[in-house]
Q: 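Quick one: this structure, given as structure tokens, is what I'll be asking you about.
These numbers come from a predicted model, not from an experiment. To find a chain, count down the sequence lines: A is the first, B the second, and so on, and within it residues start at 1.
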Amino acid sequence: MMSSESHIRLRCAVILLMVGFAFSALAEDRPEIGAKTGQMYPDFVLPTLDGDIKRLSDFRGKRILLFHFASW
Amino acid sequence: MWQNAVKPYVDAGEMIAIGVVQEQHPDRTRLYRQWRQLKWPIFVDSMNTLEHIQVVPVPVAIDPSGMVIHDKFKPDQLETFMRTEWEMLDIPEDYNRVTRTVPSAKPLDDATAATWHVWARDIFNLGQAEEIDKVVGALETAAKLTPGDGAIQFSLGTALRRRYEGPYRKPLDNQRAVEHWGLALDANPNHYIYRRRLQQYGPRLDKPYNFYFWVQEARADIRARGEDPFPLTAEPMGSEIAQPERKASTKSVVGLENVDPQGRINRDKKQLVCIEPLVTPSRVRPGHRLRARITFRLNEQSKPWWNNEADNIAIWVDVPDGFTLTENSLSISSPEAPETRELRQAELELEVDANHAEGVVTIPAYALYYVCEDSGGVCYYFRQDFALTVTIDADAPTLK
């Protein structure tokens, strides 16, 4: 039979294990940042043609066609 | 093509189409957007801050969470992309989100080249136009620390060109921009955007097509709709609208005459006209061509004007042995009004002999022009000497 001190130690170990799992799960949920398929497109801040300063992330929440181009 | 393909989805609010333009002159893109009646938000990335973009066009499909679904999006993938229900990822709000929208603090004196580069780009992109000297200064520091960094050299070229086209211009800004773009291409010869920036001002042989052929057509179409076309800061001229040459040929040269061989015409000591020669590329291989653009800018303080009732500007270039003048467009037609104050430009191309020795070559030249003072209206016929300087280098990057 376990002593009450052993119970407490076991509970602490289980809690620590759960916290560890939770953190590692959170880290795994964060996608890699990059411009390739399967990565999260790197956020950026740039001026717009209309003179505003905007971030790509300001447009999150919808499907996006991001078209890099030049008029030449 | 993409504009029409995505329009129903954009109009229905099911998708956002966003442009990012990799171009020195954003106002030209504004005109293009007006012409094409594009409603998209368009980011301006003249300095190629998004370094992973080295070619254009690059269409990318991104889901509502910000995940790249297609890094080379093709029109036949559009329907599936729009039909798929994309789940929002459960990620922290601040993950992969740029927090600053104003320039970062000035780096310490012993900062790295990368830190100076970030700061310079911040001011260029997020700061005020009158801070352009700070941008150039920071990039000069960065370029001294790591001269082989193509991105820094490209940024410096872009900043110099931007300064050249504004009120803070310094006499050599334009030529220096070309030199730094050349160093950028040297560092990364596969970078299409670096190459294009040089081709924009370079010889016709090196051009894939005339870059800004669409501008006149766009203006006509916009006017036909009853709108006023957006004005341009720098009108596309000369090499920017010249038809490319598919093979080398020597054209008959007209309009060049050494009318003052003994130098008897008075020099423009009042500096009523500033002559800005630009040689592209600034380093050229034997057997290749260079293009010179000569810009005539009236003095902004004393405000003289062109006397259009007299002759056009005349230019003489003393082409040295080892060079062939292959093309010139020196006839600067005077507008019909008797007095005007516009910027004038002339262009010519020179071919370097295939066996030309390496080294710096200075080609003497002069221009003759009729110009009048604003106060008192005294008109003069002046001569001004200038030079075209080019380095012959067998290892220079080619523009093709």
Q: Evaluate the side-chain proximity of P92(B) to R30(A): yes if any heavy-atom separation is below 4.5 Å, no if none is.
A: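 Result yes, sub-4.5 Å side-chain heavy-atom pair found.
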
Q: Can you find a heavy atom in the side chain of N125(B) that is under 4.5 Å from one in the side chain of V45(A)?
A: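 Heavy-atom side-chain distance check fails, nothing below 4.5 Å.
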
Q: Decide if atom CD of E130(B) counts as having more than 12 heavy atoms of other residues, nucleotides or ligands within a radius under 6.0 Å.
A: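 Count over threshold, so yes.
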
Q: Between A17(B), S46(B), A61(B), which residue shows the highest count of heavy-atom pairs closer than 4.5 Å to chain A?
A: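 Most heavy-atom pairs within the cutoff with chain A belong to A17(B).
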
Q: Quick one: what part of R121(B) sits under 4.5 Å from any heavy atom of chain A, side chain, backbone, both or neither?
A: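 For R121(B), neither part sits under 4.5 Å from chain A.
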
Q: Quick one: what part of P41(B) sits under 4.5 Å from any heavy atom of chain A, side chain, backbone, both or neither?
A: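 Answer is side chain: those atoms of P41(B) sit under 4.5 Å from chain A.
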
Q: Rounded to the nearest 0.5 Å, how far apart are CG of L56(A) and CZ of F43(B)?
A: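 One gets 6.0 Å once the value is rounded to the nearest 0.5 Å.
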
Q: Checking I69(B) against chain A: side chain, backbone, both or neither under 4.5 Å from a heavy atom?
A: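 Contact with chain A is through the backbone of I69(B) alone.
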
Q: What option among A70(A), G34(A), P47(A), G38(A) has the most heavy-atom pairs under 4.5 Å with chain B?
A: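 Top option by heavy-atom pairs under 4.5 Å: P47(A).
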
Q: Please report the closest heavy-atom contact between D58(A) and R97(B), naming both atoms and the distance.
A: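 The pair with the smallest heavy-atom distance is N-NH1, 4.5 Å.
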
Q: Please flag which part of F124(B) lies under 4.5 Å from any non-hydrogen atom of chain A: side chain, backbone, both or neither.
A: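 It is neither, since no heavy atom gets under 4.5 Å.
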
Q: Around E79(B), counting heavy atoms of other residues, nucleotides and ligands shown, do more than 12 lie under 6.0 Å from its CD?
A: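 Not buried by this count: 12 neighbours or fewer within 6.0 Å.
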
Q: Compare all side-chain heavy atoms of T49(B) with those of F44(A) and state whether any distance is below 4.5 angstrom.
A: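 Not in contact.
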
Q: Among T101(B), D122(B), I53(B), D45(B), which residue forms the greatest number of heavy-atom pairs with chain A at distances under 4.5 Å?
A: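 Highest number of pairs under 4.5 Å: I53(B).
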
Q: Tell me, with the steps shown, if D63(B) and R60(A) meet salt bridge (charged side-chain N to carboxylate O under 4.0 Å, His left out).
A: CA-CA 8 Å; D63(B) 79 3; R60(A) 262 183 216 160; over 6 Å; no

Q: State the OG-CZ distance between S71(A) and R30(B), to the nearest 0.5 angstrom.
A: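 The distance works out to 13.0 Å.
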
Q: What I'd like to find out is whether the side chain of P59(B) reaches to under 4.5 Å of the side chain of L66(A), using heavy atoms alone.
A: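 Contact flag for P59(B)/L66(A) side chains = no.
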
Q: Need one label for L46(A): side chain, backbone, both or neither, based on atoms under 4.5 Å from any heavy atom in chain B.
A: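 Both backbone and side chain of L46(A) come within 4.5 Å of chain B.
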
Q: With a 4.5 Å cut-off on heavy-atom pairs, point out which of I53(A), D50(A), L49(A), T48(A) contacts chain B the most.
A: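 Highest number of heavy-atom pairs under 4.5 Å: L49(A).
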
Q: What is the ring orientation for Y32(B) with F69(A), classed by angle as parallel under 30°, tilted 30 to 60°, or perpendicular over 60°?
A: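 Ring orientation of Y32(B) relative to F69(A): tilted.
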
Q: Using the side chain to side chain contact (heavy atoms under 4.5 Å, CB included) rule, take I62(B) and F59(A) through it: C-alpha gap first, then chi angles, then the decisive distance, then the call.
A: CA-CA 11 Å; I62(B) 298 175; F59(A) 297 95; over 6 Å; no

Q: Quick one: what part of L31(B) sits under 4.5 Å from any heavy atom of chain A, side chain, backbone, both or neither?
A: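 L31(B) has no heavy atom closer than 4.5 Å to chain A.
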
Q: Of V55(B), I18(B), V20(B), which meets side chain to side chain contact (heavy atoms under 4.5 Å, CB included) against H68(A)?
A: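 Single pass found, and it is V20(B).
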
Q: Taking the side chain as every heavy atom from C-beta outward, state whether V68(B) and M40(A) have any pair of such atoms under 4.5 Å apart.
A: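 No - every pair of side-chain heavy atoms lies 4.5 Å or more apart.
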
Q: So does M67(B) get a backbone contact from the side chain of Q39(A), meaning a donor-acceptor N/O pair under 3.5 Å?
A: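 No; zero donor-acceptor contacts below 3.5 Å.
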
Q: Does some side-chain heavy atom of M82(B) sit less than 4.5 Å from a side-chain heavy atom of R63(A)?
A: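 Yes. Closest side-chain heavy atoms under 4.5 Å.
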
Q: Checking V6(B) against chain A: side chain, backbone, both or neither under 4.5 Å from a heavy atom?
A: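 When you check distances to chain A, only side chain atoms of V6(B) fall under 4.5 Å.
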
Q: Below 6.0 angstrom between ring centroids: does that apply to F73(B) and F67(A)?
A: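 No - the distance between ring centres of F73(B) and F67(A) does not fall below the 6.0 Å cut-off.
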
Q: Please report the shortest heavy-atom distance between H52(B) and P42(A), naming the atom on each side.
A: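 Result for this residue pair: CE1-CG, 4.4 Å.
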
Q: So does I33(A) get a backbone contact from the side chain of N96(B), meaning a donor-acceptor N/O pair under 3.5 Å?
A: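 Checking the backbone N and O of I33(A) against the side chain of N96(B), no donor-acceptor pair under 3.5 Å is found.
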
Q: Between V10(B), V21(B), V215(B), which shows the greatest number of heavy-atom pairs under 4.5 Å with chain A?
A: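 Of the candidates given, the most pairs with chain A belong to V21(B).
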
Q: Could you check whether any side-chain heavy atom of K62(A) comes within less than 4.5 Å of a side-chain heavy atom of P64(B), counting everything from C-beta outward?
A: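 The answer is no; the side chains never approach within 4.5 Å.
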
Q: Does the side chain of V98(B) reach to within under 4.5 Å of the side chain of S57(A), using non-hydrogen atoms?
A: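 Of all side-chain heavy-atom pairs linking S57(A) with V98(B), none is under 4.5 Å.
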
Q: If you count the non-hydrogen atoms of other residues, nucleotides and ligands that lie under 6.0 Å from CG in D76(B), is the total more than 12?
A: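 More than 12 within 6.0 Å, yes.
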
